[in-house]
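Data block below; observations after.
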Amino acid sequence: MTGRIRLGKYLQAGLIIGDFAVINLVYWLVCTFFGHVSPEFKSKLMFLAVNAAYVPVALLFSHIHKIRILYADRLVLEVFKSTIVYGATITAVVYLLDMFDIGWLSGGYFMGLYFVLMSLWWLTSHALLKKLRRMGLNFRRVALVGANSTADFLRSQLQGDAGYGYRIMGIFDDDHTARQRFADYYTAPLHELREFVRNNNIDMIFYSPSGNRKEELRKAMEVADEMGIEFIYLPDLPRSLYGHFIPGNIGSIPSLTHTVSPLNRSVNSLIKRIFDICVSLPVVLTFPIWALPIIIGIKRSSPGPIFFKQVRTGIRGKDFTCLKFRTMRVNKDADKLQATENDPRKTKFGNLLRRTSIDELPQFFNVLMGHMSVVGPRPHMLSQTVDYSRLIDKYMVRHAIKPGITGWAQINGFRGETKHLWQMEKRVEYDVWYIHHWNFFLDVKIIFLTILSAFGRDKNAY
């Protein structure tokens with residue numbers, strides 16, 4: 001165990017040194033290749049200020065290099081937060097040193113390049129750490145206490161990627177029947193935990209209670225304290241309640257507050273709305289230019305209106321009129337039946353619009369009017385809302401936020417016709433995950449992947 005911990009400490013120190021290397025690279029690039037950089041910005045005092053200002057950032061964000069299960073959008077979000085902290089710290093240091101002539105343009109160059117290069121560095125270092133762990137280095141030995149459904153789900157999470165670097169060494173529970181679900185692992189009653197932790201160099205204990213077992217909790221914590229290892233308590237929640245919980249306290253009592261989405265916070269909702277306006281406004285303003293050939297194609301394909309208007313379910317179950325370019329011949333079943341792959345109602349030009357998702361572009365008007373967002377769960381027909389809300393658990397959670405032109409479910413392959421119930425269940429699962437885990441950079445990622453998919457051939461785009 002000693003050698004493994006030392007490797008972890010060396011890696012942590014090396015990655016923080018890497019952070020400072022990126023800072024100095026950014027400073028050198030700005031001073032060398034960017035024009036209009038003030039002489040004071042190139043001074044030795046500014047060089048010292050740039051490095052000194054990063055010290056509190058390194059202290060506040062050093063945990064990033066320790067987190068083993070972290071998705072790219074969350075990582076970039078942390079870089080964005082560090083950019084704000086770093087920018088504020090540099091500003092304070094510069095004013096304390098009476099350096100008022102460095103120029104806002106120089107500072108803007110520096111902070112912009114910092115965000116880009118630090119994002120690349122953190123993403124790269126995270127990928128390298130995962131590669132090391134897949135090679136059997138920098139892993140953590142884990143013992144689970146409590147052989148219940150929560151422990152079972154935790155097992156699938158920890159072992160889902162060898163790059164996370166967790167090895168489950170044993171599972172402990174006094175209930176012999178409960179332990180049988182973990183037949184592929186070493187299992188034992190709780191009284192063997194202390195000796196097992198000592199003999200197997202365990203790094204951390206995950207505890208998941210089964211019922212009201214206060215004595216079991218006390219014993220497990222006692223072993224962790226005696227061995228000086230990490231102890232993590234996992235509430236035994238039903239899978240249907242998994243979501244976004246914020247830890248806190250009510251007086252001196254620890255609490256977990258469940259919120260449907262980070263978008264329930266006003267500042268996040270405002271950020272998303274500003275982003276929606278910034279993306280949709282240029283599209284709407286240039287509509288007469290890019291839409292003209294599409295309008296001509298629709299009119300030549302079949303008689304009828306340019307737009308297809310359909311009432312769909314929006315935020316909090318409120319109905320709104322969703323706009324699309326018309327891709328079908330006018331028919332009486334448009335509000336009842338989904339489009340199928342070889343649907344005779346579609347025109348040839350309509351097929352092209354559907355494959356490239358161009359038919360969805362008028363929904364930027366819906367975004368600008370506030371009915372929709374650029375990214376969110378796709379809005380469904382009213383008949384689908386009625387039917388699926390009775391069949392699928394959490395279906396109505398999709399309406400906790402505004403529907404979107406594109407979404408997490410769509411870029412993961414769940415778009416278009418839903419022939420089977422499981423397809424809609426998976427779509428709802430992805431939509432609910434997005435609602436619980438929203439952040440700005442996740443939206444950027446989804447938009448980028450949506451644009452890429454528009455140039456490919458999506459088998460479900462019809």
Side-chain angles (χ1 to χ4, degrees), residues 1-12 62-71 126 129-239 241-242 245 247 254 256:
M1 180 174 72
T2 304
R4 187 170 62 256
I5 292 178
R6 185 179 297 119
L7 174 62
K9 288 182 178 180
Y10 286 150
L11 285 173
Q12 178 76 4
S62 61
H63 67 282
I64 291 301
H65 298 307
K66 298 179 182 178
I67 300 176
R68 293 169 178 256
I69 304 178
L70 185 64
Y71 299 107
H126 193 68
L129 283 175
K130 291 185 74 173
K131 188 171 183 178
L132 282 174
R133 290 164 188 152
R134 291 190 184 105
M135 294 168 59
L137 301 172
N138 191 231
F139 63 88
R140 306 202 75 186
R141 295 172 178 263
V142 173
L144 306 185
V145 177
N148 52 29
S149 58
T150 301
D152 197 15
F153 186 61
L154 175 66
R155 173 183 61 173
S156 66
Q157 294 286 301
L158 297 185
Q159 309 282 239
D161 186 339
Y164 296 154
Y166 291 103
R167 292 187 181 178
I168 299 176
M169 307 301 294
I171 298 167
F172 297 82
D173 196 304
D174 287 333
D175 187 338
H176 174 72
T177 304
R179 297 201 307 266
Q180 289 179 347
R181 73 163 72 187
F182 299 94
D184 294 337
Y185 295 83
Y186 175 82
T187 62
L190 187 58
H191 70 266
E192 295 185 19
L193 177 64
R194 179 178 280 100
E195 184 178 358
F196 183 85
V197 168
R198 180 184 296 110
N199 294 339
N200 291 274
N201 296 325
I202 300 300
D203 296 310
M204 57 198 309
I205 295 173
F206 286 94
Y207 175 81
S208 177
S210 299
N212 186 19
R213 299 185 181 180
K214 295 180 181 179
E215 185 62 20
E216 179 183 86
L217 172 60
R218 186 191 64 77
K219 289 179 179 178
M221 288 184 66
E222 190 177 86
V223 171
D225 291 343
E226 288 178 5
M227 302 298 173
I229 62 176
E230 192 173 354
F231 182 88
I232 299 175
Y233 181 95
L234 300 170
D236 186 18
L237 296 173
R239 289 286 296 275
L241 295 182
Y242 288 175
F245 283 86
L256 290 172

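Predicted model, so just to flag it, every value in this text is computed and none were measured.
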Exercise. Do R68 and N138 have side chains that get closer than 4.5 Å, going by heavy atoms?
Worked result: yes
Exercise. Relative to the ring of Y186, is the ring of F196 parallel (under 30°), tilted (30 to 60°) or perpendicular (over 60°)?
Worked result: parallel
For this session: Drop me the distance from T187's OG1 to R181's CZ, to the nearest 0.5 angstrom.
Result: 12.5 Å
Exercise. Is any side-chain heavy atom of L190 less than 4.5 Å from a side-chain heavy atom of K219?
Worked result: yes
Exercise. Distance only, no hydrogens: is a donor on one side chain within 3.5 Å (strictly under) of an acceptor on the other, for Y166 and Q157?
Worked result: no
For this session: Using a 4.5 Å cut-off on heavy atoms from C-beta on, say whether the side chain of P209 contacts that of Y233.
Result: yes
For this session: Could you please spell out the steps behind the ring-ring contact (aromatic ring centres under 6.0 Å, His included) verdict for F231 and F206?
Result: CA-CA 6 Å; F231 182 88; F206 286 94; 9.2 Å; no
Problem set entry | D174/R179 ion pair, N-O < 4.0 Å | no
For this session: Could you tell me whether R133 sits above the aromatic face of Y164, with NZ or CZ closer than 6.0 angstrom to the six-membered ring centre and within 45 degrees of the axis?
Result: no
Problem set entry | Side-chain heavy-atom pair V145, L193 within 4.5 angstrom cut-off | yes
Exercise. How about V142 and M169: do any of their side-chain heavy atoms sit closer than 4.5 Å?
Worked result: no
Problem set entry | Min side-chain heavy-atom separation I229-V197 under 4.5 Å | yes
For this session: Please round to the nearest 0.5 Å and tell me the distance separating atom CD1 of I171 and atom OH of Y185.
Result: 6.5 Å
Exercise. Got a sec: does the OH of Y71 have more than 12 other heavy atoms crowding it under 6.0 Å?
Worked result: no
Exercise. Would you say the side chain of R218 lies within less than 4.5 Å of the side chain of E215, judging by non-hydrogen atoms?
Worked result: yes
Problem set entry | Salt bridge flag under 4.0 Å for residues R140 and E230 | yes
Problem set entry | Sub-4.5 Å side-chain heavy-atom contact between Q159 and R167 | no
Problem set entry | Residues, nucleotides or ligands: over 12 heavy atoms within 6.0 Å of H63 NE2 | yes
